[in-house]
Amino acid sequence: MADFFDEDGCMRIGELSTRTGVSVRSLRYYEQQLLVEPQRTSAGHRIYVI
């Protein structure tokens with residue numbers, strides 16, 4: 001699974017969605033429900049860390 005992440009151990013939301021089969025909309029919903037807590041890049045993009 002580690003090969004899905006970049007060199008910093010991070011994956012953006014679209015890549016996570018593609019790899020897991022969970023829609024981006026669902027991932028954002030899970031974030032609203034505090035079930036997942038992505039970090040943010042300086043540009044505000046969601047990233048998921050190992």
Side-chain angles (χ1 to χ4, degrees):
M1 179 101 161
D3 59 332
F4 299 148
F5 293 87
D6 68 12
E7 64 277 352
D8 296 325
C10 300
M11 183 182 294
R12 292 183 56 177
I13 194 169
E15 182 69 11
L16 181 62
S17 173
T18 299
R19 299 287 181 167
T20 62
V22 176
S23 70
V24 169
R25 184 174 179 174
S26 292
L27 291 168
R28 289 180 179 149
Y29 173 78
Y30 298 151
E31 181 182 353
Q32 288 178 334
Q33 300 303 307
L34 305 176
L35 298 172
V36 295
E37 186 177 355
Q39 295 181 0
R40 299 282 182 150
T41 66
S42 58
H45 299 284
R46 292 170 177 84
I47 55 172
Y48 296 84
V49 182
I50 301 173

S.K.: Only counting residues at least two apart or in another chain, list the ones meeting side chain to side chain contact (heavy atoms under 4.5 Å, CB included) with V22.
M.R.: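 Scan of V22 (side chain to side chain contact (heavy atoms under 4.5 Å, CB included), adjacent residues dropped) gives T20, S26, L27, Y30.
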S.K.: First locate atom CD1 of I47, then atom CZ of R12, and finally report the distance between them rounded to the nearest 0.5 Å.
M.R.: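 Going from CD1 on I47 over to CZ on R12, the span is 9.0 Å.
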S.K.: List in chain and number order the residues that pass side chain to side chain contact (heavy atoms under 4.5 Å, CB included) with Q33, two or more places apart in sequence or in another chain; answer none if no residue qualifies.
M.R.: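 Q33 satisfies side chain to side chain contact (heavy atoms under 4.5 Å, CB included) with Y29, L35 once adjacent residues are dropped.
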S.K.: Any chance you could lay out the side chain to side chain contact (heavy atoms under 4.5 Å, CB included) test for H45 and R40, step after step, and finish with the verdict?
M.R.: CA-CA 5 Å; H45 299 284; R40 299 282 182 150; over 6 Å; no
S.K.: Can you check side chain to side chain contact (heavy atoms under 4.5 Å, CB included) on E31 and R46, steps first, answer last?
M.R.: CA-CA 10 Å; E31 181 182 353; R46 292 170 177 84; 2.6 Å; yes
S.K.: For I13 and R28, what are the C-alpha separation, side-chain angles and deciding distance, and is it a side chain to side chain contact (heavy atoms under 4.5 Å, CB included)?
M.R.: CA-CA 9 Å; I13 194 169; R28 289 180 179 149; 3.9 Å; yes
S.K.: Taking the side chain as every heavy atom from C-beta outward, state whether V24 and S17 have any pair of such atoms under 4.5 Å apart.
M.R.: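 Yes, close enough: below the 4.5 Å cut-off.
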